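Data block below; observations after.
Since the structure is predicted, the reported quantities are computational estimates derived from the model, not experimental observations. A, B, ... follow the sequence lines: proteins, then strands. Residue 1 opens every chain.
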2 protein chains.
Amino acid sequence: MNKVKNFLQMHLDNTDKKILQKLQKNSKITNKELSNGLSLSVTAVFERIKRLERNGVISDYVALVKPDKIEKAFMVLTQIKLVQHTKSNVIQFEAEVVKLPEVLECYHVSGEYDYILKVRVKDMEAYREFMLTKLTNLEHIGSTQSTFIISSVKSTTALPL
Amino acid sequence: MNKVKNFLQMHLDNTDKKILQKLQKNSKITNKELSNGLSLSVTAVFERIKRLERNGVISDYVALVKPDKIEKAFMVLTQIKLVQHTKSNVIQFEAEVVKLPEVLECYHVSGEYDYILKVRVKDMEAYREFMLTKLTNLEHIGSTQSTFIISSVKSTTALPL
DNA sequence: GCTGAAAAGCGAGTGGG
DNA sequence: CCCACTCGCTTTTCAGC
């Protein structure tokens, strides 16, 4: 699963792209089902998928969990400014934010703020708790600004091909 | 895969949570592997997973693709303001933005702007093209503001349990 | 890189404790 | 809730083109 080669790029033909499109939507599809509709043998599909895994194009197979079913319906985008942008500050901040399970994504960004975090918790009260006990306890944090998600219009893990 | 019941909530015990944690990281794990370390039988694990699927806790099984391997390394968060917030405008905008494959996520948010989009394309030139030919062609769009991702510090689909 | 067929492993159902 | 035993299908391997 984790044998990721770092070829900068591997060639993807149309068949590879079709396979990836399908697997990004449903990884439980069988090689047989894939082979139909591609007019290809099961073995050929199998070998292509293995090659995509070896080359790190496919990085993981995961189950997606519905946030509202496990009391993680409340989502916030939290923007963060560091007090100082020394290399050690940046490294330390990033190392600590990675450890927070409520933080699903963290990006170093352009613009007024330095980082944007995608945070998932149960509700506003839990977010308040997260802010007070975890986020603002991180070193080097200057100011923060929270943008609350009113509704999710679209959310997919499938990249366009 | 899509038989999603809408129980508002189902009870998850610690065993369910451990199963979900594992499956969120690696859905190719076998029921046997899961049963080890949980001191549970394969059948019990199997039945719990099926129940989680039936109740919509697990919504999908997908393959994750590395963006840089397929020339989608460039990521932008695009904030959008609508000119007018009538219901029909909102509905039309949302229906159209959902169709854009470059838009992986779209959220209706609090704050100065109305929407935040997570957009993935090849590079800055492709983003410019996306803006000019697709985004600004959408109806009812007022102003936009782009925040560019300098680096991804963390990115996971696994919700905390 | 593809095919078809054979082998190995897993999912899924059954009967029973 | 668990175990043991099936069957059928899928994955994986292999020889050959």
Side-chain angles (χ1 to χ4, degrees), chain A residues 1-66 69-70 157-158 161, chain B residues 1-5 7 9-66 69-71 158 161:
Chain A
M1 193 68 53
N2 279 323
K3 287 178 195 167
V4 177
K5 280 195 190 170
N6 274 331
F7 293 149
L8 277 179
Q9 214 65 41
M10 70 171 274
H11 177 70
L12 299 176
D13 65 14
N14 283 333
T15 305
D16 291 322
K17 289 180 182 177
K18 282 177 193 161
I19 291 173
L20 286 175
Q21 279 177 345
K22 296 273 191 186
L23 288 179
Q24 281 192 117
K25 284 190 199 145
N26 172 21
S27 60
K28 285 273 162 88
I29 188 172
T30 63
N31 293 343
K32 191 173 181 178
E33 285 178 281
L34 277 170
S35 69
N36 305 342
L38 287 179
S39 52
L40 214 67
S41 73
V42 174
T43 310
V45 170
F46 173 77
E47 283 169 349
R48 279 168 179 270
I49 293 176
K50 288 302 153 197
R51 190 172 54 101
L52 292 166
E53 292 170 358
R54 273 198 313 275
N55 292 340
V57 177
I58 296 174
S59 64
D60 279 302
Y61 295 95
V62 301
L64 299 181
V65 171
K66 273 236 156 58
K69 298 281 180 175
I70 60 165
T157 56
L161 288 153
Chain B
M1 194 67 53
N2 279 324
K3 286 178 195 166
V4 177
K5 280 196 190 169
F7 293 149
Q9 214 64 40
M10 70 172 274
H11 177 70
L12 299 177
D13 65 14
N14 282 333
T15 305
D16 290 324
K17 289 180 182 177
K18 283 177 193 163
I19 291 173
L20 286 175
Q21 279 177 345
K22 295 273 191 187
L23 288 178
Q24 281 191 116
K25 284 189 199 146
N26 173 20
S27 61
K28 285 273 161 90
I29 190 171
T30 62
N31 293 343
K32 191 173 182 179
E33 287 177 281
L34 276 171
S35 68
N36 305 342
L38 287 179
S39 52
L40 214 68
S41 73
V42 176
T43 312
V45 170
F46 172 76
E47 283 169 352
R48 279 168 181 270
I49 293 176
K50 288 302 154 197
R51 190 172 54 102
L52 291 166
E53 293 171 357
R54 274 199 313 275
N55 291 341
V57 177
I58 297 174
S59 65
D60 278 303
Y61 295 95
V62 301
L64 299 181
V65 171
K66 272 237 157 58
K69 299 281 180 175
I70 61 164
E71 308 215 303
L161 290 153

Contact class for [X] (heavy atom, under 4.0 Å): base, sugar-phosphate, or nothing?
X: B:Lys32; result: nothing
X: A:Glu47; result: base
X: A:Thr43; result: base

Would you kindly compare A:Glu33 and B:Arg51 by the position of their nearest DNA chain D nucleotide and give the one closer to the 5′ end? B:Arg51

So, is A:Asn31 near the phosphate of D:dT11, with a side-chain N or O under 4.0 Å from OP1 or OP2?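 Yes, such a contact exists.
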
Side-chain N or O of A:Ser41 versus OP1/OP2 of C:dG4: is the shortest distance under 4.0 Å? no

So, A:Lys69 side chain and B:Asn55 main chain: donor-acceptor pair closer than 3.5 Å or not? yes

From [atom1] of [X] over to [atom2] of [N], roughly how many Å is that when rounded to an integer?
X: A:Lys50; N: C:dG1; atom1: NZ; atom2: C1'; value: 18 Å
X: A:Leu34; N: D:dC9; atom1: CG; atom2: C1'; value: 15 Å
X: B:Phe46; N: D:dA4; atom1: CZ; atom2: C1'; value: 16 Å
X: B:Asp16; N: D:dC1; atom1: CG; atom2: C1'; value: 13 Å
X: B:Asn36; N: D:dC2; atom1: CG; atom2: P; value: 14 Å
X: B:Leu38; N: D:dC1; atom1: CG; atom2: P; value: 13 Å
X: A:Asn26; N: D:dT10; atom1: CG; atom2: P; value: 13 Å
X: A:Lys28; N: C:dG11; atom1: NZ; atom2: P; value: 8 Å

When the P atoms of C:dA12 and D:dT12 are compared, how many Å lie between them, rounded to an integer?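 So the two P atoms sit 15 Å from each other.
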
Ignoring the backbone of A:Ala44, work out which of C:dG11, D:dC2, C:dT3 is nearest its side chain. C:dT3

Salt-bridge contact [X]-[Y] (side-chain N to carboxylate O under 4.0 Å):
X: B:Glu47; Y: B:Lys50; result: no
X: B:Asp13; Y: B:Arg48; result: yes
X: A:Arg51; Y: A:Asp16; result: yes

CG-CG distance between B:Leu12 and B:Leu161, expressed to the nearest 0.5 angstrom: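 The CG atom of B:Leu161 is 7.5 Å from CG of B:Leu12, to the nearest 0.5 Å.
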
